[in-house]
Amino acid sequence: MTDTADTTHAPHTTHTPGTTHTPDPAVAAAAPAWLGAVLLSVVIPTHDDAHRIGPTLDAFRAHLDAHLGSGPGDWELVVSDDASTDETAALVEAAAADEPRIRLVRSPHHRGKGAALRAGVLACAGARVLLADAGLRTPPAELEHLEQALGQAASDSGIDGGIDGGSDTDDARATAALGRSGNRLVRALGIPGIPGFRADTCGFALFDGDRARAAFGASVLDGPAIDAEVLRWVRRQGWHVAEVPVTRTRTRTPKPPVGPGPGPAPRPRRTAPPGDRRRTLTELFRLNAGGLAVAAVFLALSVYVFHGLWADLDGRYLADALQDQNQWEWFVGVATDNITHLRNPLFTTAQGMPDGVNLMANATMLGLTVPLIPVTLLFGETVTFALVLTLGMAASAWTWYWLIRRRLVQSRWAAAAGGALAAFAPPMVSHANGHPNFVVLFMLPLIIDRALRLCEGRNVVRDGVLLGLFATYQIFLGEEPLLIAALGMLVFSLAYLLVDRRRALAAARPLGLGLVIAAGVCVPLLIFPLYWQFFGPQSYHSVLHGDNAGNSPRALVEYAARSLFGDAETAGRLSLNTTEQNAFYGWPLLALGVIVCVWMWRRRLVRALAITGAVALALSLGPWVPVPRTDVVLPGPWRLMVKLPLFESVIEGRVAMVCAPVLGVLLALALDRIVRMRTRELRTVGLLAVAAALIPVLPLPLAVRERAPVPAFITSGAWKGYVKDGEALVPVPLPDPGQADALHWQVEADFGFRLAGGYFNGPWGPDRIGIYGATPRHLSNLLRDVRYGQQPPEITPQWRDQARRDLEFWKAGAVVLPFQDRGIELRDMITELLGRDPQKVEDVWVWRVGPGQV
């Protein structure tokens, strides 16, 4: 058989809609005659392999004849030669003259292994396609192991690899069985093994024929990184790929020496030349350039949102953060202080003296504050705070993009739009003012992906263990977001049970087993931290949030304060505060979601998402739902959950945040279909509709203000002469949820003193109900009331005695009054309460109140 253009070849192929491949004309012209469909095609790429191609062909021919048969439809060997300069092509032609089932595809230009593989696969006609190498590093006998794996995979569960198959017909066919890779570095980067790095993932692999031709037909890389490209493409279709241990041989066919000598010398073991390595790295970068570009866009958008804070980290404060920025910077600092001094990271007495703070029961995000201790020590708590928000928001967008791109859509930028909406939706931007635990959500898509893998039932033990580890880490990032996400996933699962009962029930068994395994991983890791949280010092239950923690129905269709079309006054009336604008998606975006659901209602995924979003919005309205513009109040569905353990502490309005990824997925699905519309006018209308829905909710940069200065009494270290070790400093007024600048004083003083009062979650009363801040005392209430406008009472002996008892309870060493509004009234009242005049030190008034002073 020749390699000239005297023949044509056009085997049937199955391509995914939206993907095209134009073969190289030279390669297409060199394709041999197609002899008809066969059971197995063996594709061997070659380049200057004359020294070893003959024994390889003989070995495969003998094995295939013995195990598959010698008929014309049993097998074929397709050698794809990449413009060899030696006798490789001639040897293959000679073999083909003796055996017509050996075929040669030859390229006139040397382009690389990827081009050779693509040409060979597209020229083959097998129902299955085996990829092998010319050096016979894997014996043909290993084919049996791959066939067993492919057959077993095809008989497994019909659950496909995606969230939704897009139709009512299951496709349980397996796609490929691969010889297991040994390239740990490449695998650690999340990239399939690359032969140029001796990984050999596709060096010996068995593919379903039609899917192999579709995958290689969609490829564009010409070098060794085509393996990564093809396997990534295959997995994005939701097709199953199995890895199989295979035997490698270390033997090499001798190659005659170039110079004179007594005879052939053994050829040394081949390693990838530096040029091949560089080309592989270049192609890997090209393969991942789109994802890197998306990540860069997300990072730029996150920097845009927080650029006001980054402009002056020392002097700026998020204007709408209330006291949350002070609190979270304090969490960063106390974690650093505890760890560097080898103290319990779950508890501190740095504030809330003398009872202290249960740090595990607060949103301290130990999963980030502890790993970032070096950053905190080098650059300070505010840098860590800004870094967590900025990188966390971008990382959350990227993992949502990764999940959507991997499982749902072909268009990279459709997935990017969905990921951006999921992470930068109005509720997320609202919480970005001071709630990093509701912004840094990059683990949630990974948890969802692992749960979906469990539904596929392919490696339940591995996926269950990983799910347990992911959930454990998320608990140290934010428990309430995980609880709300779990609620959303439960609703989605029940909705999917309604829309596709058979598939949901098939997934239930592996998912249930995986969840048991995940719990087995979580429990040993979390038993002590969770015991400390719920039963340790300063533990509490059911946080009081007030009666208006649910969303107003109007909040669902209005715009948030930091949205492009937002109105701060309207949003403020409809929310608890600026950081709790938990809905505010705007009516155009919700209308787009409804339109997409109607348009794509035949997809089971869309139906399940529609139910999930509707239920989440209904639950977010709270236990009682006021009807706008009336005095009517209706019972809400949250009434069924308000007394449930854990949910009793949830701010119910936050459940609406489930709709951010729901809308993100719907947006990605819609854009993916719009960009593939054949009619230009329809594409334009679709894109304009999407733009009209998204533009009003585009995020604005977060507002900032000048930060309140820290008193020179603190920054100069003068406090050290007034507060002894074990004593507390008592600021006036004491820190609480309304005014917590004293926490920043403590951070600036490197936690050298302790504080009475504070801003944290702790217990109150004999029932240990959760409240914000330390349990109030008479003196703390009096100081706050006078500071904010009330007239000082008549100071009686009873008041003096109460002040003494409160100061003793706090183990106070000094009372410190910074210069402030109503400072004269406060100074005179405290002087009368304590019976002594203060000292003026730097920019504060100080009263010594330690043992023997009161």
Looking at side-chain heavy atoms only, is the closest gap between Val633 and Val627 below 4.5 Å?
-> no
Asn551 side-chain N/O to Gly653 backbone N/O, donor-acceptor pair under 3.5 Å = yes
Does any N or O in the side chain of Ser430 come within less than 3.5 Å of the main-chain N or O of Thr578, such that one atom is a donor and the other an acceptor?
-> yes
Please name all residues satisfying side chain to side chain donor-acceptor pair (under 3.5 Å) with Asp320, sequence neighbours left out, ordered by chain then number.
-> none
Over all heavy atoms of both residues, which pair between Asn433 and Ala321 is shortest? Give the atoms and the distance, please.
-> O-CB, 2.8 Å
Do Phe492 and Leu605 have side chains that get closer than 4.5 Å, going by heavy atoms?
-> yes
Tyr585 and Pro427: which non-hydrogen atoms are nearest, and at how many Å?
-> OH-CG, 3.6 Å
Could you walk me through whether Val429 and Leu702 pass side-chain contact (heavy atoms from CB on, under 4.5 Å), step by step?
-> CA-CA 8 Å; Val429 175; Leu702 297 184; 3.8 Å; yes
With a 4.5 Å limit on heavy-atom distance, are the side chains of Leu617 and Cys659 in contact?
-> yes
Measure the shortest side-chain to side-chain distance between Ile475 and Met360 over non-hydrogen atoms and say whether it is less than 4.5 angstrom.
-> yes
Any sub-3.5 Å donor-acceptor pair from Gln474's side-chain atoms to Gly478's backbone N or O?
-> yes
Any side-chain heavy-atom pair from Val625 and Pro553 closer than 4.5 angstrom?
-> yes
Please report the closest heavy-atom contact between Pro510 and Gly457, naming both atoms and the distance.
-> CB-CA, 3.7 Å
Would Asn577 and Thr579 count as having a side-chain donor-acceptor pair, cut-off 3.5 Å?
-> yes
Just by distance, do the side chain of Gln581 and the backbone of Ala561 share a donor-acceptor pair under 3.5 Å?
-> yes
Using residues 662-673 as the side-chain source, report each donor-acceptor pair under 3.5 Å to any protein atom, sequence neighbours left out, with the distance given to one decimal.
unit_1 : atom_1 : unit_2 : atom_2 : d
Asp672 : OD1    : Gln410 : N      : 3.2
Asp672 : OD1    : Ser411 : N      : 2.8
Asp672 : OD2    : Arg676 : NH2    : 3.2

Could you go through the side-chain contact (heavy atoms from CB on, under 4.5 Å) check for Leu466 and Leu446 one step at a time?
-> CA-CA 10 Å; Leu466 289 175; Leu446 304 182; over 6 Å; no
Note: Ser620 and Leu556 closest approach over all heavy atoms is OG-CD2, 4.3 Å
How long is the gap from CZ on Arg405 to CZ on Arg412, to the nearest 0.5 Å?
-> 4.5 Å
Identify the residue among Arg453, Arg458, Arg450 that makes a side-chain hydrogen bond (donor to acceptor under 3.5 Å, both in side chains) with Asp463.
-> Arg450
How many angstroms lie between CZ in Phe438 and CD in Glu480, if you round to the nearest 0.5 Å?
-> 3.5 Å
Check Gly520 against Pro524 and note the closest heavy-atom contact, atom names and distance.
-> O-CD, 2.9 Å
Which value, rounded to the nearest 0.5 Å, describes the distance between Leu487 atom CG and Leu619 atom CG?
-> 6.0 Å
Is there a side-chain contact (heavy atoms from CB on, under 4.5 Å) between Ile517 and Val465 once you walk through the steps?
-> CA-CA 6 Å; Ile517 295 171; Val465 169; 3.9 Å; yes
Ignoring hydrogens and geometry, is there a side-chain-to-backbone donor-acceptor pair from Trp398 to Leu299 under 3.5 Å?
-> no
Contacts table for residues 641-649: side-chain donor-acceptor under 3.5 angstrom, sequence neighbours left out:
unit_1 : atom_1 : unit_2 : atom_2 : d
Ser649 : OG     : Ser542 : N      : 3.3
Ser649 : OG     : Val543 : N      : 3.3

Give a yes or no answer on whether the side chain of Tyr559 reaches the backbone of Pro426 with a donor-acceptor pair at less than 3.5 Å.
-> no
Check the side chains of Asn437 and His431 for a donor-acceptor pair under 3.5 angstrom, ignoring hydrogens and angles.
-> no
Got more than 12 heavy atoms from elsewhere within 6.0 Å of CG, Leu292?
-> yes
Side chains of Tyr304 and Leu301: closer than 4.5 Å at any heavy-atom pair?
-> yes
What orientation do Phe298 and Tyr401 show, parallel under 30°, tilted 30 to 60°, or perpendicular over 60°?
-> perpendicular
Is it the case that more than 12 heavy atoms not belonging to Trp587 sit under 6.0 Å from its CH2 atom?
-> no
Would you mind telling me which of Thr369, Leu526, Leu368 makes a side chain to side chain contact (heavy atoms under 4.5 Å, CB included) with Phe476?
-> Leu526
Should the ring pair Tyr473 and Phe442 be called parallel, tilted or perpendicular, given that the plane angle runs from 0 to 90° and is split at 30 and 60?
-> tilted
Within 6.0 angstrom of Arg683 CZ, more than 12 heavy atoms from elsewhere | yes
Looking at CG of Leu515 and CG of Leu511, how far apart are the two atoms once the value is rounded to the nearest 0.5 Å?
-> 4.5 Å
Non-hydrogen atoms of Ala361 and Asn761 that approach each other most closely | O-CB, 4.2 Å
Could you go step by step and tell me if Ser563 and Leu700 meet the side-chain contact (heavy atoms from CB on, under 4.5 Å) rule?
-> CA-CA 6 Å; Ser563 291; Leu700 296 174; over 6 Å; no
Can you tell me how far CG of Leu592 sits from CH2 of Trp599, rounded to the nearest 0.5 angstrom?
-> 9.5 Å
Between CD1 of Ile651 and CD1 of Ile484, what distance do you get to the nearest 0.5 Å?
-> 8.5 Å
Would you call Arg407 and Glu456 a salt bridge, taking side-chain N to carboxylate O under 4.0 Å as the test?
-> yes
Would you kindly say whether Tyr496 and Arg501 are connected by a side-chain donor-acceptor distance under 3.5 Å?
-> no
Check whether any side-chain heavy atom of Val440 sits under 4.5 Å from a side-chain heavy atom of Leu391, and report yes or no.
-> no
Are Leu454 and Leu467 close enough that some pair of their side-chain heavy atoms sits under 4.5 Å apart?
-> yes
